[in-house]
Amino acid sequence: MKLLRYGQPGNEKPGLLDAEGRIRDLSGKVADISGDTLTPSGLASLAEIDPSSLPPVEGNPRIGPCVGDVGKFICIGLNYADHAAESGAKVPPEPIMFMKPRSAIVGPNDEVRIPRGSVKTDWEVELGIVIGQSAKYVSEAEALAHVAGYCVVNDVSEREYQLERHGTWDKGKCCDTFGPIGPWMVTADEIPDPQNLGMWLEVDGHRYQDGSTKTMVYGVAHLVSYLSQFMTLHAGDIIATGTPPGVGMGQKPPVYLKAGQTMRLGIEGLGEQSQRTAAD
């Protein structure tokens, strides 16, 4: 299934994308694409619904973040060896973890706001993992059973704030609108191998990133297991798993975003995003 949320910010309704690419209204069946809806029993109930029995959504509504009421938005840094190399960094012996606040989350086609004074705002296409049931101290063998599905994430980053302003990376990762997710969450049964998905990103039609999840250093199962050793993961939590090479910081000379540009990005089987940048 492809599950999504549509409507104005703060008033999104749950929806399902049918086989013809039409949005069907799920609001008569579930309150939101969040929490219990994403558990194995919640997804099993949705899978029993005939999409043609759901009301079609007319027009061209805004697509919101594909998961609502996100509890934790956890991100992994330097998880592709070739991206680490372009960043001048070594592959870490354990996953690097940081977090984005919920205020960073926006829809897949919403504006990305460049912070005041920023001169190093950058892009990162990433595979997002959506947790489907609580995970605490799970093994790698058990980990994928705790995944509800996957989505596209743009881990927008301000490199000066991240790397030059001292302290943790969070300063450069937490800005408003720096976490577009969606357009939809694709349930795990439709993605049999999350470690073999093509991914790409373009700015104003120029392709900068063209990679694959197969070059991850730490794969999906490892990350879910690893993070569950430090915190309980709950249904609706999102994990952004790192980016392949081609970020602006890695260009020679570096290239950073300015207001009025368009980012397009996508992951095989998970859909595409398109964001216009604007000054905050």
Side-chain angles (χ1 to χ4, degrees), residues 65-67 70 72-84 86-87 89 91-92 95-101 104-110 112 121-131 147-159 162 169-170 172-175 177-186 188 191 193-203 207-224 226-227 233 237-250 257 263-275:
C66 58
V67 177
V70 175
K72 294 188 286 294
F73 191 174
I74 309 164
C75 302
I76 304 298
L78 300 176
N79 196 28
Y80 288 71
D82 33 14
H83 170 57
E86 74 172 352
S87 302
V91 174
I96 291 174
M97 182 192 80
F98 58 93
M99 299 178 111
K100 287 181 181 278
I105 297 174
V106 291
N109 305 314
D110 289 345
V112 165
T121 296
D122 204 348
W123 56 82
E124 295 189 14
V125 59
E126 305 199 4
L127 173 68
I129 305 167
V130 181
I131 297 298
V147 174
Y150 303 93
C151 65
V152 181
V153 174
N154 189 355
D155 174 19
V156 185
S157 308
E158 212 299 341
R159 302 302 187 187
Q162 176 188 354
W169 284 10
D170 300 72
K173 299 286 191 172
C174 68
C175 303
T177 76
F178 270 25
I181 60 171
W184 31 76
M185 186 203 80
V186 181
I191 307 295
D193 185 4
Q195 303 304 155
N196 190 26
L197 303 175
M199 54 203 309
W200 56 273
L201 182 144
E202 298 176 349
V203 179
R207 182 158 295 198
Y208 284 98
Q209 292 189 275
D210 201 350
S212 171
T213 59
K214 66 185 176 184
T215 65
M216 277 186 192
V217 177
Y218 301 107
V220 170
H222 181 89
L223 291 174
V224 172
Y226 180 84
L227 293 172
L233 303 174
D237 288 349
I238 295 174
I239 304 167
T241 57
T243 197
V247 299
M249 179 176 61
L257 293 165
M263 290 180 282
R264 290 185 61 246
L265 56 148
I267 298 179
E268 182 181 355
L270 301 181
E272 299 182 8
Q273 301 184 354
S274 178
Q275 296 113 24

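The structure presented is a predicted model; accordingly, all values stated were derived computationally and were not measured.
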Exercise. For residues Gly248 and Asp122, report the shortest heavy-atom separation together with the two atoms involved.
Key: N-OD1, 2.7 Å

Quiz item: Roughly how far, to the nearest 0.5 Å, is CG of Leu201 from CE of Met263?
Solution: 7.0 Å

Can you give each donor-acceptor pair under 3.5 Å made by side-chain atoms of residues 178-185, sequence neighbours left out, with the distance rounded to 0.1 Å?
none

Quiz item: With sequence neighbours excluded, what pairs up with Pro194 under the side-chain contact (heavy atoms from CB on, under 4.5 Å) test?
Solution: Leu127, Tyr150, Ile191, Val220

Quiz prompt | Straight-line distance of Asn79 CG to His222 NE2, nearest 0.5 Å | solution = 8.5 Å

Practice problem: Considering non-hydrogen atoms only, spot the tightest contact between Pro92 and Leu78 and give its length. | Solution: CD-O, 3.5 Å

Exercise. List the steps and the verdict of side chain to side chain contact (heavy atoms under 4.5 Å, CB included) for Leu257 and Val203.
Key: CA-CA 8 Å; Leu257 293 165; Val203 179; 4.0 Å; yes

Quiz item: In Å, rounded to the nearest 0.5 Å, how long is the span from NZ of Lys100 to SG of Cys174?
Solution: 8.0 Å

Quiz item: Would you say the side chain of Val130 lies within less than 4.5 Å of the side chain of Val147, judging by non-hydrogen atoms?
Solution: no

Quiz item: Mind checking whether Leu233 and Ile74 have side chains closer than 4.5 Å, heavy atoms only?
Solution: yes

Practice problem: Show the numbers, then the answer: is there a side chain to side chain contact (heavy atoms under 4.5 Å, CB included) between Trp200 and Arg207? | Solution: CA-CA 7 Å; Trp200 56 273; Arg207 182 158 295 198; 3.6 Å; yes

Self-check item: Residues which pass side-chain hydrogen bond (donor to acceptor under 3.5 Å, both in side chains) with Glu126, listed by chain and number, not counting sequence neighbours
Solution: none

Exercise. Go through the structure and list residues passing side-chain contact (heavy atoms from CB on, under 4.5 Å) with Gln162, not counting sequence neighbours.
Key: Ser157, Arg159, Trp169, Lys173

Practice problem: Starting from the C-alpha separation in whole Å, work towards a yes-or-no answer on side chain to side chain contact (heavy atoms under 4.5 Å, CB included) for Gln209 and Val247. | Solution: CA-CA 7 Å; Gln209 292 189 275; Val247 299; 3.9 Å; yes

Quiz item: Between atom SG of Cys151 and atom CG of Leu270, what is the distance when rounded to the nearest 0.5 Å?
Solution: 7.5 Å

Quiz item: Under the salt bridge (charged side-chain N to carboxylate O under 4.0 Å, His left out) criterion, do Asp193 and Lys214 qualify, and how do the steps go?
Solution: CA-CA 9 Å; Asp193 185 4; Lys214 66 185 176 184; over 6 Å; no

Quiz item: Residues in side-chain contact (heavy atoms from CB on, under 4.5 Å) with Met199, at least two apart?
Solution: Tyr80, Val125, Thr213, Pro244, Ile267

Quiz item: Closest approach of Gly77 and Phe98, non-hydrogen atoms and distance?
Solution: N-CE2, 4.0 Å

Quiz item: Could you walk me through whether Val224 and Ile129 pass the side chain to side chain contact (heavy atoms under 4.5 Å, CB included) check?
Solution: CA-CA 9 Å; Val224 172; Ile129 305 167; 4.2 Å; yes

Quiz prompt | For Thr121, all residues meeting side-chain hydrogen bond (donor to acceptor under 3.5 Å, both in side chains), sequence neighbours excluded | solution = Ser118

Quiz prompt | Closest non-hydrogen atom pair, Ile76 against Pro95 | solution = CG2-CB, 4.2 Å

Quiz prompt | Donor-acceptor contact present, side-chain Asp155 to main-chain Glu124, <3.5 Å | solution = no

Self-check item: Under 3.5 Å side-chain donor-acceptor pair for Asn154 and Gln275
Solution: yes

Quiz item: When rounded to the nearest 0.5 angstrom, what distance separates OH in Tyr218 from OG1 in Thr241?
Solution: 14.0 Å

Quiz item: With no hydrogens and no angle check, is any side-chain donor or acceptor of Asp237 less than 3.5 Å from a backbone partner on Ile131?
Solution: no

Quiz item: Do Asn196 and Ser212 come within less than 4.5 Å of each other through their side chains, counting heavy atoms only?
Solution: yes

Quiz item: Does Gly266 offer a backbone N or O that forms a donor-acceptor pair with the side chain of Gln273 under 3.5 Å?
Solution: no

